[in-house]
Amino acid sequence: MTARIISGTAIARQITEEVRADVAELKSRHGVTPGLATVLVGDDPASHVYVTAKVKACLDIGIYSERHDLPGYTPEDDLLALIDKLNKDPRIHGILVQSPPPPHINENRVVCAIDPRKDVDGFHPVSVGRMVIGEPGFLPCTPRGVQVLLERSGIETVGAEVVVVGRSNIIGKPVANILLQKAKGANATVTVCHSATRNIAEHTRRADILITAIGRPKFITADMVKEGAVVIDIGINEIGRTPEGKRILTGDVDFEAVKEKASAITPVPGGAGPMTIVILMSNTIKAAKMAAGVQ
Ligand code: GUN
């Protein structure tokens, strides 16, 4: 079997047109322009690329954006003061602090300082709690993007064996929680594997839907995948640079070998990545609607 390639780029493009229309309507009917503030501390090149893509997406669909790039030595108190200012700014409906911050900054303290009504990343404990108990709220962008990718590709999750490899707070834990919910586009039997799992392959081979967020290039080999499985690769690993200095990226999955066994697979780049940004836009619009009391 050769897998169908699930294009996150194509699906994200479709959703971009939907959110563009949403923004236009919010402006014309309600006089509300959604606003997103991005905060980046330090000069991690990958984080820089991601924040630039987020700001560009705002510009493209008509969301007001404010970019705060701070030097790596910024004291935590200065960062907290900026968040406090953004919390009070009525033009700003969403606040995103790019992760990871430099080591002297306590990320949890920073996330907790964001007003939960502006937590478009879905990382605040209030958002995490709502997600776990299945209450409406902001869902983290990449995990929610995976759910939408599955829905729009016609892949059934109800009753499916989903195996998630990786247990980070940004990807592994939330994607497992989202797909576990008793809800449409979820209701799966979810297993989470991690660095202390005794035999990862034993679990991954049972998966109808295998989701990987490990950060190790080509960790998932063909012998770890069941014939006909759906494989969603969230890994973004830089394996080198082109002579022009462009990053060469690969996922957690040995794509060429696994695509001969899977029924559907996401590429890296162009899989889960583009979905992250479009969900961030959608969360920002939702925050603006909530602030304006618009349904
Ligand atoms: N770093 C990697 N992914 C993300 C994300 O979705 N949001 C933020 N804020 N930082 C990240």
Side-chain angles (χ1 to χ4, degrees), residues 8 12 15 36-58 63 65-70 72 74 79-80 82-83 86-87 92-103 105-116 118-128 131 137-149 164 166-178 211-216 232-238 247 249 251-252 266 268-269 271-284 286-287:
I15 302 173
L36 175 74
T38 62
V39 182
L40 172 62
V41 187
D43 45 19
D44 176 64
S47 290
H48 217 268
V49 170
Y50 298 141
V51 169
T52 300
K54 290 167 185 177
V55 170
K56 197 163 151 259
C58 286
I63 291 181
S65 82
E66 224 177 74
R67 181 172 179 156
H68 298 266
D69 286 3
L70 310 176
T74 302
L79 178 57
L80 293 174
L82 171 62
I83 290 171
L86 296 170
N87 279 340
I92 298 299
H93 305 101
I95 302 169
L96 176 141
V97 182
Q98 187 64 25
S99 178
I105 286 176
N106 179 327
E107 187 169 11
N108 195 38
R109 202 174 294 147
V110 172
V111 167
C112 287
I114 296 170
D115 183 331
K118 299 193 177 188
D119 178 36
V120 288
D121 247 334
F123 293 162
H124 191 286
V126 167
S127 304
V128 176
M131 171 187 68
F138 296 111
L139 295 174
C141 302
T142 307
R144 168 66 181 148
V146 168
Q147 184 181 37
V148 174
L149 207 55
V164 178
R167 59 169 156 192
S168 69
N169 290 336
I170 291 186
I171 312 276
K173 283 181 201 162
V175 81
N177 267 290
I178 289 171
I211 302 174
T212 67
I214 327 165
R216 283 168 67 178
I232 308 291
D233 187 351
I234 317 185
I236 301 180
N237 308 296
E238 185 178 321
R247 301 191 304 150
L249 302 176
D252 293 336
T266 57
V268 176
M275 296 300 291
T276 301
I277 294 182
V278 82
I279 301 295
L280 174 67
M281 300 298 110
S282 162
N283 280 351
T284 305
K286 180 170 160 174

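First listed ligand is number 1; within each ligand, the first listed atom is number 1.
Only backbone heavy atoms of Val97 (N, CA, C or O) come within less than 4.0 Å of ligand 1; its side chain stays farther off. Residue Cys141 does not touch ligand 1, judged by heavy-atom distances below 4.0 Å. Counting heavy atoms under 4.0 Å from ligand 1, residue Phe123 touches it through the side chain alone.
Between the side chain of Lys286 and the backbone N or O of Gly137, at least one donor-acceptor pair lies under 3.5 Å. Between the side chain of Ser282 and the backbone N or O of Val278, no donor-acceptor pair lies under 3.5 Å. At least one donor-acceptor pair under 3.5 Å links the side chain of Asn87 to the backbone N or O of Ala113. The backbone N or O of Asp252 lies less than 3.5 Å from a partner atom in the side chain of Asp233, making a donor-acceptor pair. Judged by distance alone, the side chain of Asp119 and the main-chain N or O of Phe123 form a donor-acceptor pair under 3.5 Å.
With hydrogens left out, the protein atom closest to atom 1 (N) of ligand 1 is Ser99 O, 2.9 Å, a heavy atom. The protein heavy-atom contact nearest to atom 3 (N) of ligand 1 is Ile170 CG2, 4.1 Å. Here the heavy atom of the protein found nearest to atom 4 (C) of ligand 1 is Gln98 NE2, 4.1 Å.
Taking every heavy atom of Lys54 and a limit of under 4.0 angstrom, the matching atoms of ligand 1 come to 5 (C), 7 (N).
Ligand 1 has no atom lying under 4.0 Å from any heavy atom of Glu107.
Across every non-hydrogen atom of Ser47 and Pro100, the tightest pair is OG-CD, 4.2 Å. Among all heavy-atom pairs drawn from Leu86 and Glu66, the shortest one is CD2-OE1, 3.6 Å.
When the heavy-atom distances from atom 9 (N) of ligand 1 to Val51, Asp121, Val39 are ranked, the shortest goes to Asp121.
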